[in-house]
Structures are given as structure tokens and as C-alpha cells.
S.K.: 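I have a structure I would like to understand better, so I am pasting it below and will then ask my questions one at a time.
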Amino acid sequence: MKIFDTLSGTEKELDTSNSVRIYLCGVTVYDESHIGHARTIIVFDTLRRFLEHQGIKVKFIQNFTDVDDKIINRARAENVPSDKISSKYIASYFEGFDSLHVKRADMYPKATEHISDMIDLIKTLIDKQFAYVSKNGVYFSVSKFHDYGKLSKKKTDELISGARVEVDETKKDPLDFALWKFASDEPVWQSPWGPGRPGWHIECSAMSLKYLGSDFEIHGGGRDLIFPHHENEIAQSESCSGKNFAKIWMHVGMVTINGEKMSKSLGNTKSVDFVLKKWGANVIRLFCLSGHYSKPIDYSEELLRETITKWRQVENCYYELILSDNGQASNDDAKIVDEAIKETKTEFEDALNSDFNTPLAANAFFKLVKVINQLAASERLVTSISSQLLPALDWMLDILGLKVLQITEEEKKKINGLIERRNLLRSQKKFQDADAIRDEISRMGVVLIDHKKKTLWMKQERIGDEG
RNA sequence: GGUGAGGUGGCAGAGCGGCUAUGCGUUCGCCUGCAGAGCGAAUCUAUAGGGGUUCGAAUCCCUUCCUCACCUCCA
């Protein structure tokens, strides 16, 4: 599998000979997660599912930043300890992302639980003279790391001239960044240099090195993390270990809202909770995977509505398969199906293997959906072929993290009974009574589709306000 | 100002030297008691502008214009 590496600016072959180690920069838990977080995390969740489906071992780590000025500010504003804020939003994170069918990472390390690891790292950096103690804290000396800027393609002299930050006189160089900030107010930890708390970037270095070691396969996050976060992580980690930090840097594009940047000040942020309620997990996942991960994607009602249509096709086709009639397909149909499955699988895999091209993969997926619906429309979808199609469809559904609503045997019995009654009434032209039954079924979230010879039904996800 | 990514049909979105995806939409059919969904057909030859290179470019080079992101916390 090839993945575009931000650092080298080229596609690199992912080494899958051993387990694939992935570190994803997660969220700072000071507020609700939003659609932007969701996109990045869904991309990585899908990547992980794809690798695992090939029998590749994946070690997937995603951190929580639970010490940060924004958390502290929020805690002060609400007059509660800061761990109250972080634990609240961690809980809400899991609630949202479990609902989005995101598989749990192997580990969710928290910054506050790795203070001593960070202190060890800082010690090493001071010993190696990459860092120094100053009045306000311990700083990383950017000029000591000659590769600084290699990820974000920035030149240090340009960074200084273009800097919009006020220069902190206690730093040796304006570009130096904090590894440890002195402070006496909560939350505070002891360190060899004085009480305080860690800087932002050091946690990811400490935790990724601890759990994944040096030179792990993929380090990921949103594009906006390239500078300064990931640039600084590289500086710290490589100065400390003397080894390459990560093999591939994979960055996910931003989500815009109607073409505009999503921001608190514009008031256009879409929380995970909101989009889940409005569109449901499947539509959101499909939407997030409908563009190449590296490019920006625009959230708009129009696009999301379009995605609902696509999801309906999937639901339809799925129920066609599970409710198909007993029978043996013709040789021709068997051949068509056989080839369609092979073709789809190849296309799907090839697309994902080439820089994780999810829009192309989704395309292949929808092609198979189409084939199934075509067979169903001409009443040629019988069990001998649907039993072949269903696993292929399930395979893709699982990689994409999509879940069609399932039915219980009980529901099935009940619905079949109602349909029988309704069809009898229809044959007697008692349409009002028949429609009453249809309404009753519809209240169970089940939609009826009258084919020529039989009535197909499917349990449909109720989505947002579409009525 | 700097850096990076882009500009493809009404919309979304692949392709990244030749065979010009795909989906949504729209129109008309089929099916149906109605409805929904589905199916079929039609529609759309698009590649920001201008120069090159080439037998041939959306695809490579130059140039102009435009968009977005980052350079400050951000997934």
C-alpha cells in the first residue's frame, strides 16, 4: 500500500512486514468534538479497518490532550477543577465516536498520565544541549536542530521575520518553544526545574516513543497540525533519540462549512453530536470518505442530502440480498455475479492501496450495489447468487464502517404476517385497509417496496429532518 | 509577505501523456391501486486563461489569474 508522506512529499510504500504502528494526534478535551475531528478520525479508523482486513496487525494509538490552557481557562470559567472538564469531554468523545462506528484504538494515552515520561525526555534534551532552562520554563533550542522546518517546508529565518507572536525576551531565540512551563497554580506537577506543566508538543513525543518506539510506520493528524505541532514533535523526538521519528506523515484535509473555514468566531462549528442526530453515522462516514483524505471537503446540506440517497441505495440492496428468494440462478447470471464481485474487490482494494483513495473505493462499492439492484429489479436475485454477493458487500461495509439496521427474527415474522394481510387486502382492492397496514409497518421504521411478484421490505435508518 | 495544496460538466469527484470514469441532478419511459424505492433510456464531451513540448495533454514545462489552508490555538 502506498501513502503520501508529507515529509518527503512523495508516496511511500507502507511497510506491512511487521505490525503497522500508527500514532494519531487526537483531540484536546476542552469542548465537544466536531465534524473536523470526525473526518480525521474516520479516515484513520477506515485505514485501520482496511489493514486489519488484510490480516495485518495494527497497533493504533490515539492520545487525549488533557492539559492545556484552553482546558484550564474553561475550568476557571466554570469554577471546577480542570480534570473535571477533561473527563467530561473524554466521555462525550467516546459517546460520539462509538456512535460513528469508530473502533476503539488500542490505547488512548493521556498527557497527564505521562508527565514523568515527558520529564525524562526533557532531561535527555537538556543533557544533549538541545534544551535550556530559562526564567519562564524549559525551552527547546530550535537552532540546535538543523532539520527544523523539514516537515512544513519552512525556513527558520523566514519564520522569524514573519512571526506574528510577541517575542518572549526570556527565550534565547524567538522560535524556541516550551517543553515545560513554570507555574504554581493548578494543575501543577513537580519537575527537576521547578513546578509547572508540560508544553503542548512534548506529550506526543513522549507517548509515541513510549508505546511505539522510534521510526514507527504512520504518524497522522489534521493538516493544521503540520506546523508547529508536528514540526516540533520531530525536533524533540529526533534530537532525543537520534533516530528517525516516523516513516510516513499522513495528514487529513480540513472540513469547511459551506466553503468557509469552520471556527468558533463564525459560529459555524458542527459538533459530532449535532451531525449524528441530523444525518446518522452511516451518512457521515460516507460523506467523510467521499473525498480524498488529503483534500479539503465541504460540508453542505446539498451534499449531505445526496449522501442520504446513496445510503438508501445501500439499504435497499442489502435487504434485497437478505430477503432474496430461494433458487438457483442461471449460468449467465452466476457468471455475471462472479465477475462483478471479482472486479469490485480488485477495484476497491487497488483504490485503497493507492494512497487510500476512498472516493474511488466507494465508487467500486456503489457499482456492486448497482449490479445487485439491477438483478433485483428483474427478479433474478436468488439465494444461489445472493449468498455470494452478501459476503462481498459485508466485507466492504465493514471496511467502510457502515452498518445497515438489522432485524430480529421476531420482527421478521411480524412484518411478513402484516405484509401477507396487506397483499390480500390489495388483491381485494381494499386499498385503504392495505394502506393502514403499510402505515403501521412504517411506524416500525420499515419501508415497503412492491415488486411485481413480491413485496420487499427494509428497515430504514431514520435520518434527521427528512420527514 | 512566505510556504504548501488546488482550480475538471448544474453539483460531487476520479483519472495525472492517447481509449475522454463514476455518482448525484435533470428529462422521458417501465413498474405501481397509490406511493416509495428500483430499473431503463436520454441529457452533459467538462478539464481557469494564455503560451509551449509532443504525432497526440485535463494529464509534462513556462506564465497569468483565482481559491483554500498554514505561518497564532486548532483535527
Side-chain angles (χ1 to χ4, degrees), chain A residues 4 6 9 24-28 30-31 33-44 62 65 68-70 73 149 151-155 157-166 200 220-229 231 251-256 259-264 269 287 290-292 294-298 300 302-303 305-310 312-313 315-317 319-320 347 351 354 357-367 369-370 372-379 425-427 429-432 434-435 438 442 447-452 455-458 460:
Chain A
F4 184 85
T6 310
L24 176 65
C25 282
V27 296
T28 301
Y30 75 105
D31 204 348
S33 305
H34 53 63
I35 181 72
H37 302 120
R39 163 107 109 167
T40 301
I41 287 159
I42 286 169
V43 164
F44 274 86
Q62 182 186 324
T65 298
D68 173 271
D69 285 349
K70 289 193 290 290
N73 291 341
L151 181 74
S152 55
K153 320 282 186 253
K154 291 182 189 303
K155 296 195 177 69
D157 48 338
E158 279 165 3
L159 274 171
I160 296 166
S161 61
R164 285 189 249 156
V165 265
E166 339 171 359
W200 174 33
R223 286 211 92 80
D224 52 349
L225 295 183
I226 294 174
F227 189 89
H229 186 53
E231 193 69 61
H251 290 106
V252 180
M254 300 291 100
V255 177
T256 56
E260 278 184 314
K261 182 188 158 98
M262 178 167 54
S263 77
K264 292 247 155 84
T269 54
F287 166 73
S290 71
H292 187 91
S294 65
K295 291 188 178 177
I297 196 170
D298 191 46
S300 69
E302 193 193 350
L303 230 52
R305 288 231 179 80
E306 201 177 287
T307 312
I308 294 179
T309 309
K310 294 190 169 182
R312 293 301 186 214
Q313 290 174 349
E315 286 181 322
N316 185 79
C317 131
Y319 273 87
E320 292 281 10
E347 264 183 61
S354 120
N357 195 329
T358 54
L360 256 192
N363 233 86
F365 169 69
F366 281 105
K367 271 195 211 163
V369 169
K370 181 95 175 174
I372 295 169
N373 284 337
Q374 276 170 338
L375 288 166
S378 49
E379 314 213 301
L425 290 165
R426 284 172 73 211
S427 68
K429 303 216 185 287
K430 293 180 180 162
F431 297 122
Q432 272 196 339
D435 287 352
R438 182 163 63 193
S442 134
V447 173
L448 299 186
I449 297 162
D450 293 323
H451 283 340
K452 279 177 204 155
T455 298
L456 179 84
W457 57 273
M458 58 180 161
Q460 266 194 351

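Excluded from the calculations below are hydrogen atoms, water molecules and symmetry mates; all remaining heavy atoms, backbone and side chain alike, are included.
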S.K.: Determine the interatomic distance between C1' on B/U54 and the same-named atom on B/C62; round to the nearest Å.
M.R.: 16 Å
S.K.: Starting from C1' on B/G38, measure out to CD1 on A/Ile372 and report it in whole angstrom.
M.R.: 13 Å
S.K.: Would you kindly give the NZ-to-C1' distance between A/Lys310 and B/G38, to the nearest whole Å?
M.R.: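 That distance rounds to 17 Å.
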S.K.: When the C1' atoms of B/A42 and B/U47 are considered, how many whole Å apart are they?
M.R.: 23 Å
S.K.: Please classify the nucleic acid contact of A/Leu448 as base, sugar-phosphate, or nothing, using heavy-atom distances under 4.0 Å.
M.R.: base
S.K.: Which residues pass the salt bridge (Lys or Arg N to Asp or Glu O under 4.0 Å) test with A/Glu302, sequence neighbours left out?
M.R.: none
S.K.: Report the distance from atom CG of A/Asp31 to atom C1' of B/C73, rounded to the nearest whole Å.
M.R.: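 After rounding, the gap between these two atoms is 13 Å.
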S.K.: Sort out the partner of B/C65 for me: Watson-Crick or G-U wobble, both distances under 3.5 Å, none otherwise.
M.R.: B/G7
S.K.: Within a 6.0 Å radius of atom NZ on A/Lys153, are there more than 12 heavy atoms belonging to other residues, nucleotides or ligands?
M.R.: yes
S.K.: For side-chain contact (heavy atoms from CB on, under 4.5 Å), just list the numbers for A/Leu456 and A/Asn316, CA-CA rounded to whole Å, side-chain angles, deciding distance to a tenth of an Å, and then say yes or no.
M.R.: CA-CA 9 Å; A/Leu456 179 84; A/Asn316 185 79; 4.1 Å; yes
S.K.: Looking only at side-chain N and O atoms, does A/Gln313 come under 4.0 Å of OP1 or OP2 in B/C24?
M.R.: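 Yes, such a contact exists.
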S.K.: Looking across every strand, which nucleic acid part, if any, lies under 4.0 Å from A/Arg438 by heavy atom: base, sugar-phosphate, or nothing?
M.R.: base
S.K.: Which pair of heavy atoms, one from A/Arg223 and one from A/His251, lies closest together, and at what distance?
M.R.: NH1-O, 3.8 Å
S.K.: For B/U64 and B/G4, measure between their P atoms and round to the nearest Å.
M.R.: 16 Å
S.K.: Could you tell me how far apart A/Lys429 (NZ) and B/G33 (C1') are, to the nearest whole angstrom?
M.R.: 7 Å
S.K.: May I ask you to test the A/Leu24-A/Thr40 pair for a side-chain heavy-atom distance under 4.5 Å?
M.R.: yes
S.K.: For A/Leu360, which residues count as a side-chain contact (heavy atoms from CB on, under 4.5 Å) partner, sequence neighbours excluded?
M.R.: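 With sequence neighbours excluded, A/Leu360 shows a side-chain contact (heavy atoms from CB on, under 4.5 Å) to A/Ala351, A/Asn357, given in chain and number order.
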S.K.: Expressed as a whole number of Å, how far does the C1' atom of B/A46 sit from that of B/U59?
M.R.: 14 Å
S.K.: Look at all strands and tell whether A/Gly26 reaches a base, only sugar-phosphate, or nothing, counting heavy atoms closer than 4.0 Å.
M.R.: sugar-phosphate
S.K.: Using atom C1' of each nucleotide, how far apart are B/G17 and B/U26 to the nearest Å?
M.R.: 34 Å
S.K.: Side-chain contact test, heavy atoms from C-beta onward, threshold under 4.5 Å: evaluate it for A/Tyr30 versus A/Asn73 and give yes or no.
M.R.: no
S.K.: Check salt bridge (Lys or Arg N to Asp or Glu O under 4.0 Å) between A/Lys154 and all other residues, then give those that pass, not counting sequence neighbours.
M.R.: none
S.K.: For nucleotides B/A58 and B/C16, find the distance between their C1' atoms and express it as a whole number of Å.
M.R.: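 These two C1' atoms come out 8 Å apart once rounded.
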S.K.: Looking only at side-chain atoms of A/Lys367, point me to the closest of B/U22, B/C73, B/C24.
M.R.: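 Given the options B/U22, B/C73, B/C24, the side chain of A/Lys367 is closest to B/U22.
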S.K.: Using side-chain contact (heavy atoms from CB on, under 4.5 Å) as the criterion, list what pairs up with A/Thr455, not counting sequence neighbours.
M.R.: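 Listed in chain order: A/Ile419, A/Arg422, A/Asn423, A/Arg426, A/Leu448, A/Asp450.
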S.K.: With a non-hydrogen cut-off below 4.0 angstrom, is A/Asp450 in contact with a base, only sugar-phosphate, or nothing?
M.R.: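 Answer is base: heavy atoms of A/Asp450 come under 4.0 Å of a base.
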S.K.: When you get a sec, tell me which of B/U32, B/A75, B/C24 is the closest nucleotide to the side chain of A/Thr309?
M.R.: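 The listed nucleotide nearest to A/Thr309's side chain is B/C24.
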S.K.: For residues A/Val255 and A/Arg39, report the shortest heavy-atom separation together with the two atoms involved.
M.R.: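 That closest heavy-atom pairing would be CG2-CB, 3.8 Å.
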S.K.: Take atom NE2 of A/His251 and atom C1' of B/C70, then tell me their distance rounded to the nearest Å.
M.R.: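 These atoms are roughly 11 Å apart.
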S.K.: Could you check how far CE of A/Met262 sits from P of B/C73, rounded to whole Å?
M.R.: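 Result: 18 Å.
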S.K.: Each nucleotide in nucleotides 2-17 of chain B should get exactly one letter: B, S or -. Can you fill that in based on protein heavy atoms under 4.0 Å?
M.R.: BS-------SSSSS--
S.K.: For B/G25, which nucleotide is its Watson-Crick or G-U wobble mate, given both distances must be under 3.5 Å?
M.R.: B/U43
S.K.: Locate the shortest heavy-atom distance separating A/Gly149 from A/Glu231; write the atom from each residue and the value.
M.R.: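 That closest heavy-atom pairing would be N-OE2, 2.7 Å.
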S.K.: Regarding A/His34 and A/Thr269, is there a side-chain donor-to-acceptor distance under 3.5 Å anywhere?
M.R.: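 On atom types as modelled, these side chains do not qualify, holding no pair under 3.5 Å.
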S.K.: In whole angstrom, give the distance that lies between atom NE2 of A/His229 and atom P of B/U72.
M.R.: 16 Å
S.K.: Taking the nucleotide of RNA chain B with the closest heavy atom to each, which residue, A/Gly36 or A/Asn373, is nearer the 5' end?
M.R.: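 Nearer the 5' end of the strand: A/Asn373.
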S.K.: Can you tell me how far C1' of B/C71 sits from CD of A/Glu231, to the nearest Å?
M.R.: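 Taking atom C1' of B/C71 as the reference, CD of A/Glu231 is at 11 Å.
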S.K.: Taking the nucleotide of RNA chain B with the nearest heavy atom to each, does A/Val27 or A/Glu320 sit closer to the 5' end?
M.R.: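 Residue closer to the 5' terminus by nearest nucleotide: A/Glu320.
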S.K.: Quick one: label A/Phe227 by what it contacts on the DNA or RNA (base, sugar-phosphate, nothing), any heavy atom closer than 4.0 Å.
M.R.: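 If one applies the 4.0 Å heavy-atom cut-off, A/Phe227 turns out to touch the sugar-phosphate alone, with no base involved.
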S.K.: In whole Å, measure the gap between the C1' atoms of B/A41 and B/G50 for me.
M.R.: 41 Å
S.K.: Please write out the pairs of protein N or O atoms and N or O atoms of nucleotides 40-47 of chain B separated by less than 3.5 Å, giving the distance to one decimal.
M.R.:
unit_1	atom_1	unit_2	atom_2	d
B/G40	OP1	A/Gln374	NE2	2.3

S.K.: When the P atoms of B/A14 and B/G7 are compared, how many Å lie between them, rounded to an integer?
M.R.: 9 Å
